[in-house]
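Convention: sequence-line order gives letters A, B, ...; per-chain numbering from 1. In this text the structure is predicted, and so the values were computed from the model without any measurement.
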Amino acid sequence: MRWSQFFIPTLREDPADAEVVSHKLLLRAGFIRQLGAGIYSYLPLAQRSILKISEIIRQEMNAIGGQEFYLPALNPAEIWKESGRWTVMGENMFRLKDRKGADLCLGMTHEEIFTDIARHELRSYKQLPQVWYQIQTKFRDEPRPKSGLLRVRQFTMKDAYTFDIDFAGLDKAFEDQRRAYCRIYDRCGLQYVIVEADTGAMGGSASNEFMVYTNAGEDMVASCPKCGYAANLEKAQSRIPAIVDEDADAPFEKFPTPGVRTIEDLTTFPGGASAERQIKTLVYVAVSVKGKQESGEIVLALLRGDHPLNDAKIASAVGAMLRAEGAELTQLRPAHPEEILEAMGANPGSLGAVGVVRYKTLADNALQGRANMTTGANVDDHHLRGVNIARDIKNAQWVDLRTVAEGEGCPRCDGVLRVAKALEVGHIFKLGTKYSVSMGATVLNAEGKEVPIVMGSYGIGVERVLASAIELYHDDAGIIFPITIAPFQIVVTPLNIKDAELKATADRIYDELSKAGVEVLYDDRDERAGVKLNDADLVGFPFQIRVGAKKLKEGKVEFYDRSLKTSEDVEATAAVELARRRIDEAVRKLNG
RNA sequence: CGGGGCGUGGCUCAGCUUGGUAGAGCGCUCGGUUUGGGACCGAGAGGCCGGGGGUUCGAAUCCCUCCGCCCCGACCA
């Protein structure tokens, strides 16, 4: 491929709209252009990289028995209504109507559609297990697209689904996928960590996320350097020192606290209490659907005064309680001040759960066994002290609600947790029978009994692999691609195309590399050396062969390694051989 | 959705406060010189100043409104 005819619109300056490194570099190096918020056109360089990533994914999926499908992105509403996610997905789903007025949507993921095929076609346990996947475009009406390709409204996802007769089969399928994912990210050259994760809207029993540590990420991962424990902050637990409370049996008493509104206020108020001796009472509104009926209810969350609530944890706890009642949580939000006053009889700052029995009440585990605590009295400007939780707040359900913090103890060993930003590049779920039950996907087992298929779901964000590689591997000059996902493996650069000797040598090297099957780009542009070298660094080709006048006089050309930033002079006649060897080594190193 | 910012040749931006009919650098075209890290000289092309409405003799500039984009908080590959 000749650069002069290949479309690589590089930019000298950083585009004004780009903030994160991968976004800036993808734009500057001519990989992508923006069409709208969270909507990008992939130019030839990006498309080449994406195809290479897809091919790695495809090979590894096939290697564990995966069968590639291609399902519609345009879905009728009915199937989403059947699983209940027409409402659960809420605003995140793009919806449209056809000319007859029928509801349609653009697929955000494909559990429903694959399950639909499964329920129609799979009849017997003898047909299981099945491993089905596709690499396809997904649409999500993100509330806030951002960071270039990291968070967009249209993207490519590899989504796989497994169908097994029982949970043992699911465990194996999950493990197969997990290993395949490791191979995929290894081959793409990514450094990643596998973490325990929250299942969110997907449902199911267990899930692992594949995370790349980067400040451009939007998740927080807690990890223990000592034992390897790692979990998304939405799920992470920690050890904290136990607190011994005195006078546990003393009765509680109400006392006036004029002007006290916050935990902080109460710590300095005479007769108040330190934050870890306070109970923080948060009021939420949970909206759920049961059958066709939508309803809202007040839910209380109780935490130790100095502990921050974790939104994902409370959502998952409330979701579980509602599910036990046959309802599905659709929205959980902090109550408005008017709602709080109406529900509690007092304003924020004086709230408490003592004596409140008509609302679902969730108490964080860290409060278990605590006594002699101070909390709001549900009377403005009054608090209660001497509260014994087991005695005075009887209807509380114990759950994990608090967000763990850096420096707290590892839940698995005596190590200390660290917390760092990370980007989710893959997520694997054990779905269990959630979709097979709601959608009636069953098979007959060996005993002739009809049983729901046990499912798993496994996703990879293809563009995120590209973008996170750039986040991970770049320098001031540009991208430094892992060779397996680079758009080209090497660029051949005659430093002055008008010099006939340089051109002849470069032509020859290019021809030989092409014939050898190397993915080579030939920079035949009539540009100054500086322009060409800067562009080559920016685009991030793993290797460069530079053909310049001075060295060619001695019969030599320069072989440059982008990641090591080292160059070596080689005989022009030996350059192709050296390049082939280096490329081979680099590829083999990643492919393992 | 809430909060903040921005919208002017292809790109990065100035001009707007204090209305008078649009500028710079880069890029692009042509000619010449140059050729190992984004060169230089000369000549050019290129702009419904995001859309609509209003105020005014006159609006990129002031007012209203809509749209789009970016960033910070609730979602996810």
Side-chain angles (χ1 to χ4, degrees), chain A residues 9-20 23 27-28 33-39 57 88-93 108-110 135-160 181 197-202 207 209-212 217-219 232 234 284 309 311-312 314-315 331-334 423-429 457-468 477-478 493-499 502 525-538 544 546-552 557-558 560 567:
Chain A
T10 58
L11 263 24
R12 189 189 297 232
E13 291 174 88
D14 271 342
D17 282 347
E19 197 81 7
V20 303
H23 190 196
L27 284 166
R28 281 231 290 141
R33 285 297 181 261
Q34 183 173 38
L35 183 61
I39 310 175
I57 293 172
V88 172
M89 289 307 193
E91 303 267 68
N92 274 345
M93 189 150 70
M108 314 175 58
T109 169
H110 280 77
I135 298 172
Q136 193 244 22
T137 306
K138 301 287 190 257
F139 297 88
R140 295 185 185 178
D141 193 359
E142 287 292 334
R144 191 175 153 218
K146 57 181 273 201
S147 306
L149 293 188
L150 294 183
R151 185 174 201 73
V152 293
R153 295 194 293 175
Q154 172 178 342
F155 62 100
T156 311
M157 180 159 96
K158 185 289 299 178
D159 47 322
Y181 273 46
D198 183 59
T199 53
M202 206 64 83
S207 79
E209 285 169 328
F210 289 75
M211 297 288 214
V212 170
E218 299 177 279
D219 283 276
N232 193 307
E234 294 177 341
Y284 274 73
L309 174 70
D311 293 330
I314 187 176
Q331 192 199 4
L332 183 69
R333 59 167 173 83
L423 176 74
E424 182 183 4
V425 292
H427 201 158
I428 58 179
F429 298 86
S457 160
Y458 318 86
I460 292 179
V462 178
E463 292 89 342
R464 276 194 182 177
V465 172
L466 207 212
S468 60
T493 311
L495 295 168
N496 179 2
I497 198 76
K498 285 187 175 151
D499 181 320
L502 295 193
R525 294 176 300 168
D526 181 16
E527 288 286 354
R528 316 200 99 231
V531 172
K532 295 177 154 196
L533 294 175
N534 281 320
D535 272 349
D537 288 348
L538 177 61
Q544 305 173 13
R546 301 167 172 177
V547 184
K550 263 176 237 157
K551 284 171 187 167
L552 193 59
V557 298
E558 183 177 336
Y560 180 75
S567 61

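- Atom C1' of B/U21 sits at a distance of 13 Å from the matching atom of B/C57, rounded to the whole Å.
- The interatomic distance linking A/I314 (CD1) with B/A74 (P) rounds to 14 Å, in whole Å.
- When the P atom is used for both B/C16 and B/G7, the distance is 13 Å, rounded to whole Å.
- Across the strands present, B/A22 finds no partner; the criterion is a Watson-Crick or G-U wobble pair with both atom distances under 3.5 angstrom.
- Contact of the A/Y284 side chain with the A/L309 side chain is registered, since non-hydrogen atoms from C-beta on lie closer than 4.5 Å.
- If you check every strand for non-hydrogen atoms under 4.0 Å, A/D499 touches nothing.
- Counting distance only, with no hydrogens placed and no angle test, the side-chain atoms of A/D219 and the base atoms of B/C76 include a donor-acceptor pair under 3.5 Å.
- For A/R464, the side-chain atoms get nearest to B/A77 when compared with the rest of B/U35, B/G36, B/A77.
- The side chain of A/D311 lies closest to B/A74 when the candidates are B/A74, B/G36, B/U34.
- Rounded to whole Å, the P atom of B/U55 lies 30 Å from the corresponding atom of B/G47.
- Nearest-nucleotide assignment on RNA chain B puts the 5′-proximal partner with A/V531, out of A/V531 and A/E234.
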Query raised in the report: How far apart are the C-alpha atoms of A/L27 and A/H23, what are their side-chain angles, what is the distance that settles it, and do they pass the side-chain contact (heavy atoms from CB on, under 4.5 Å) test?
Result: CA-CA 6 Å; A/L27 284 166; A/H23 190 196; 3.5 Å; yes
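- When the shell of 6.0 Å around CD of A/E218 is examined, it contains more than 12 heavy atoms from other residues, nucleotides or ligands.
- B/C1 sits 28 Å from B/G9 when the P atoms are compared, rounded to a whole Å.
- Here the separation of B/C13 from B/A59, taken at their P atoms, is 28 Å to the nearest Å.
- Rounded to whole Å, the distance from CG on A/D141 to C1' on B/C76 is 13 Å.
- Judged by atom type and distance alone, A/R33 does not reach the base of B/G10 through any side-chain donor-acceptor pair under 3.5 Å.
- Counting only N and O atoms by type, the side chains of A/T137 and A/Q154 include no donor and acceptor under 3.5 Å apart.
- The CD atom of A/E209 sits 8 Å away from the P atom of B/A77 (whole-angstrom rounding).
- Considering only residues two or more places apart in sequence or on other chains, A/D159 meets the side-chain contact (heavy atoms from CB on, under 4.5 Å) condition with A/H110, A/F114, A/Q134, A/K138, A/M157, A/Y161.
- In this structure, of B/U12, B/G36, B/A77, it is B/U12 that holds the atom nearest to the side chain of A/P15.
- Side-chain contact annotation: A/S567 with A/E558, donor-acceptor N/O pair under 3.5 Å present.
- Between atom CG of residue A/L538 and atom CG of residue A/L533 there is a gap of 12.5 Å, rounded to the nearest 0.5 Å.
- Of all the heavy atoms in A/L502 and A/L495, the pair that sits closest is CD1-N, 4.3 Å.
- Sequence order on RNA chain B of the closest nucleotides to A/E463 and A/A529 puts A/A529 first from the 5' end.
- In this structure, A/R333 reaches neither bases nor backbone, as no heavy-atom distance under 4.0 Å exists between it and the strands shown.
- If you take atom C1' in B/G38 and the same atom in B/A74, they sit 44 Å apart, rounded to whole Å.
- Base contact: A/D535 has a heavy atom under 4.0 Å from a base atom.
- In this structure, A/L27 atom CG and B/G10 atom P are separated by 17 Å, rounded to whole Å.
- Per the geometry, CD belonging to A/E142 stands 14 Å off P belonging to B/A74, to the nearest Å.
- In this structure, CZ in A/F139 is found 12.0 Å from CE in A/M108, a value given to the nearest 0.5 Å.
- The partner of B/U35 is absent, by the rule that a Watson-Crick or G-U pair needs both atom distances under 3.5 Å.
- Nucleotide B/U61: unpaired (no Watson-Crick or G-U wobble partner with both distances less than 3.5 Å).
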When you compare the protein's N or O atoms with those of nucleotides 44-49 of chain B, which come within less than 3.5 Å of each other, and at what distance?
none

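- In this structure, NZ of A/K158 is placed 10 Å from C1' of B/A77, rounded to the nearest angstrom.
- Residue A/E91 is out of contact with every strand shown, counting any heavy-atom pair closer than 4.0 Å.
- Of the nucleotides present, B/C72 is the one that pairs with B/G2 by Watson-Crick or G-U wobble criteria, both distances under 3.5 Å.
- Note that CG of A/D535 and CZ of A/R525 are 4.5 Å apart. Values are rounded to the nearest 0.5 Å.
- A/N232 and A/E424 share no side-chain donor-acceptor pair at under 3.5 Å.
- Regarding contacts with the backbone of B/A39, a side-chain N or O of A/R528 is found under 4.0 angstrom from either OP1 or OP2.
- Residue A/G426 is classed as a sugar-phosphate contact, given heavy-atom separations below 4.0 Å to backbone atoms only.
- Among the protein residues, A/N534 comes within range of the nucleic acid bases, having at least one heavy atom under 4.0 Å from a base atom.
- Across all strands shown, the partner of B/G42 is B/C30, judged by Watson-Crick or G-U wobble contacts whose two distances both fall under 3.5 Å.
- Between A/M93 and A/D141, every side-chain heavy-atom pair lies at or beyond the 4.5 Å cut-off.
- Of all nucleotides present, none satisfies the Watson-Crick or G-U wobble test against B/G47 with each distance under 3.5 Å.
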Just the table, please: protein N/O against nucleotides 24-33 of chain B N/O, every pair under 3.5 Å.
residue : atom : partner : partner atom : Å
B/G25   : N2   : A/E13   : OE2          : 3.2
B/C26   : O3'  : A/R12   : NH2          : 3.3
B/C26   : O2'  : A/R12   : NE           : 3.3
B/G27   : OP1  : A/R12   : NH2          : 3.1

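- A distance of about 12 Å separates the C1' atoms of B/G27 and B/G46, rounded to the whole Å.
- When the salt bridge (Lys or Arg N to Asp or Glu O under 4.0 Å) test is applied to A/R528, no partner is found at least two apart in sequence or on another chain.
- Distance CD (A/Q136) to C1' (B/A77): 13 Å, rounded to an integer number of Å.
- Using a distance-only test at 3.5 Å, with no hydrogens or angles considered, a donor-acceptor pair links the side chain of A/R28 to the main chain of A/L11.
- Residue A/V152 is in base contact, counting any heavy-atom pair closer than 4.0 Å across all strands shown.
- Counting any heavy atom pair closer than 4.0 Å across all strands shown, A/K551 reaches a base atom.
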Give each protein N/O atom lying under 3.5 Å from an N/O atom of nucleotides 67-70 of chain B, with the pair distance.
residue : atom : partner : partner atom : Å
B/C69   : OP1  : A/A37   : N            : 2.7
B/C69   : O3'  : A/Q34   : NE2          : 3.4
B/C69   : O2'  : A/D17   : OD2          : 2.9
B/C70   : OP1  : A/Q34   : NE2          : 2.8

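- Here the straight-line distance linking atom CD1 of A/I428 with atom OH of A/Y181 works out to 7.0 Å at 0.5 Å rounding.
- For the pair A/L11 CG and B/U12 C1', the computed distance is 9 Å after rounding to whole Å.
- Taking A/R464 as the reference, nothing meets the side chain to side chain donor-acceptor pair (under 3.5 Å) condition, with sequence neighbours excluded.
- Comparing B/C67 with B/G51, their P atoms sit 15 Å apart, to the nearest whole Å.
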